Peer 1: 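Sharing a structure, written as structure tokens. Questions coming.
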Amino acid sequence: MELPAFHYHRPNSLDEASALLARHQGDVDLVAGGTDLLPNYKNRLNARSHVISLGGISALQGISTRRIGAMARLVEIERSPLLQTRLPVLAETASKISSPPLRQHGTLGGNLMLDTRCYYFNQSPLWRQSVDFCLKAEGTKCLVVPSSKGRCFATYSGEMAASLLILGAKVELLSAAGARTLPLAEFFDEDGIVRFRDRKEDELVVAVHIPEEAEQLSCGYRKLAIRDSIDFPSLGLALGLRINKRGVIEDLRLATTAMASRPELLDEPMAEFIGQQASAQLAFRIGEVAQKASVAYRNVPLDPKYRRKMVAVFTRRLLEAISPAFAN
Amino acid sequence: MSDATPTEAHPEAKLLRLTLNGRSWLGAVEQHALLLDVIRYQAGLTGTKRGCDMGTCGCCAVQINGEPRLSCLTLAHDCEGAEIRTIEGVQSGPLLSALQDAWVATGASQCGFCSPGFIMVGEALLEEKPKPTEREVREAIAGNLCRCTGYVKIVEAFMVASGQAEPGQDAVRRNAKGDSESD
């Protein structure tokens, strides 16, 4: 398929990029690795007349334990010796995204800003026309939840977000009006079209910042997908734990992705377990609570009930893998 | 499309410079063109295949500055000044590369449509890891689909090319994920 025609821009600096974003506001997209945007453009999904390629901006590069540039590629995160030792969950998560050639393309910023996906949206124009267009592209009604009254239920499938949420990461945004930093936990909106709570249209993600205390968590990430080798997740679950020598939980963080229109940090449901003594029984209980706190929409592969059950299973398995105190 | 008159909706083609299989290449390329289209239709190198066109099948894989990339998901103008290597640039003169040779010897090609993609990914793997394990091979080719061979002959070709097996030895297990090391 040919891409729809657009004006291609390749700025060499952040200033140039934000000026371009501001100038073409409303009719512009940013492209990093292209693995999400270009297939959507081929399917004529909300294509714009201007595309800004971010590959030429060196300020968006770089990996350290405190800051990862938005254009750091997934393959670089996966293979970074620094992240593998200090923040291994980020390397682990990156290694599970899609396939090796696509991880050469894909970037942290691109994965974070991944457009929401839906059975009724990620289809060819002919397919979409035949079932009537959906709210997210050309239509007027959500085909997942027809009574949604204008809300889009497309599913967020970025995997890095789940791991970054448990690490307490922040997003650095830049526009012509200046830079600001937002906690990732407050970044996403529950509407699959709105996607971001208050990101302005001319803002671009420059980097992700990770607090120093994140390194004290023991973390893990599990992915549920039909094919390990390439598919988008039907559930991604990241868990972070700090436990003392006596087996008492000092910190417990859990986040899911590919369940709803935004990645969810289950901080409130997990709060009750802090200060409790780890045991096999408690691991089971934590899994149950996580499952109860999760919703799954019926618009990506695998049944929502099954995906919610797998929240409990993954939670338990991760707890057992991280600390032997949960195994007996 | 390349002779279309530029309009607001159809922007003017721009000059693009590449090093294509070691030779410099220069052409007027549409702003929205994919690298795949430039390779196939403007440079006339049709060894690189358009398969799924969505990044799933790996048939369009080429090397950009030595790294395996999918040309169906690469904007041509993102490659300004880059070194592109396609299947046509793998052999040296009349000689096939070790991997291509092994491909023939093991029968890793059946219909052959996916072979260029596998070989472009494979050449990059063998450059990085001259003696990969079976598991490493299977992981590296996870983004390449073959609907004929069932992958056994393909993995065998890697083992033969890297000097770890002889053709016809049945070096590769037929029912495993290749996890000879512990998981």
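A quick note: this is a predicted structure, and the numbers were derived from the prediction, not measured. Numbered from 1 within each chain, the chains take letters A, B, ... in sequence-line order.
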Peer 1: Which bit of B:Glu139 is near chain A, if near means a heavy-atom gap under 4.5 Å: side chain, backbone, both or neither?
Peer 2: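 The backbone, not the side chain.
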Peer 1: Name the region of A:Leu3, side chain, backbone, both or neither, that has any atom closer than 4.5 Å to a heavy atom of chain B.
Peer 2: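 For A:Leu3, heavy atoms of backbone and side chain both lie under 4.5 Å from chain B.
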Peer 1: So do B:Leu126 and B:Ser162 actually touch side chain to side chain, heavy atoms under 4.5 Å?
Peer 2: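 In short, these two side chains touch, coming nearer than 4.5 Å.
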Peer 1: Thinking salt bridges, do A:Lys96 and A:Asp228 make one under a 4.0 Å N-O criterion?
Peer 2: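 No salt bridge links A:Lys96 with A:Asp228.
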Peer 1: Both conditions, 6.0 Å and 45 degrees, for the charged tip of A:Arg117 above the ring of A:Phe232: are they met here?
Peer 2: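 Yes.
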Peer 1: Quick one: are B:Ile87 and B:Ile119 in side-chain contact, heavy atoms under 4.5 Å?
Peer 2: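 Heavy-atom side-chain distance check passes, below 4.5 Å.
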Peer 1: So which residues of residues 19-31 of chain A are in contact with chain B at a heavy-atom cut-off of under 4.5 Å?
Peer 2: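 The stretch touches chain B at A:Val31.
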Peer 1: Contact part of B:Ala61 toward chain A, heavy-atom cut-off under 4.5 Å: side chain, backbone, both or neither?
Peer 2: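 Contact with chain A involves no heavy atom of B:Ala61 at all.
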Peer 1: Considering all heavy atoms of both residues, which atom of A:Ala94 and which atom of A:Leu74 are nearest to each other, and what is their separation?
Peer 2: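 The pair with the smallest heavy-atom distance is CB-O, 3.7 Å.
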Peer 1: Indicate whether any N or O donor in one side chain lies under 3.5 Å from an N or O acceptor in the other, for A:Ser18 and A:Asp202.
Peer 2: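 Distance-only check fails for A:Ser18 and A:Asp202.
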Peer 1: Select all residues of residues 106-117 of chain B having any heavy atom within less than 4.5 Å of some heavy atom of chain A, and report them by number, or 'none'.
Peer 2: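 Residues qualifying by a heavy atom under 4.5 Å from chain A are absent, so none.
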Peer 1: Identify, with sequence neighbours excluded, every residue that meets ring pair (Phe, Tyr, Trp, His ring centres under 6.0 Å) alongside B:Trp25.
Peer 2: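 Partners of B:Trp25 under the ring pair (Phe, Tyr, Trp, His ring centres under 6.0 Å) test: none.
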Peer 1: Spell out, as yes or no, whether a donor-acceptor pair under 3.5 Å connects the side chain of A:Thr116 to the backbone of A:Ala154.
Peer 2: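 Judged by distance alone, no pair lies under 3.5 Å.
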Peer 1: Does A:Glu159 offer a backbone N or O that forms a donor-acceptor pair with the side chain of A:Asn111 under 3.5 Å?
Peer 2: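 Yes; judged by distance alone, with no hydrogens or angles, the pair exists.
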Peer 1: Please find out if less than 6.0 Å separates the ring center of B:His32 from that of B:His10.
Peer 2: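 For B:His32 and B:His10, the ring centres are under 6.0 Å apart.
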Peer 1: Identify whether the distance between the nearest side-chain nitrogen and carboxylate oxygen of A:Arg73 and A:Glu76 falls below 4.0 Å.
Peer 2: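 Here A:Arg73 pairs with A:Glu76 in a salt bridge, since their nearest N and O are under 4.0 Å apart.
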Peer 1: Go through the atoms of A:Arg227 and report whether side chain, backbone, both or neither lie under 4.5 Å from a heavy atom of chain B.
Peer 2: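 Just its side chain gets close to chain B.
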Peer 1: With a 4.5 Å cut-off on side-chain heavy atoms, are A:Asn40 and A:Asp36 touching?
Peer 2: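 Counting from C-beta outward, A:Asp36 and A:Asn40 do come under 4.5 Å.
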Peer 1: Using a heavy-atom cutoff of under 4.5 Å, enumerate the residues of residues 118-130 of chain A that contact chain B, numbered in order, or state 'none'.
Peer 2: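 So no residue qualifies.
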Peer 1: Evaluate the criterion side-chain hydrogen bond (donor to acceptor under 3.5 Å, both in side chains) for residue pair B:Asp78 and A:Tyr8; output intermediate values, then yes/no.
Peer 2: CA-CA 9 Å; B:Asp78 271 353; A:Tyr8 171 90; 2.4 Å; yes
Peer 1: I'd like to know if B:Arg69 and B:Glu67 make a salt bridge, using a cut-off of under 4.0 Å between side-chain N and carboxylate O.
Peer 2: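 Yes, this pair counts.
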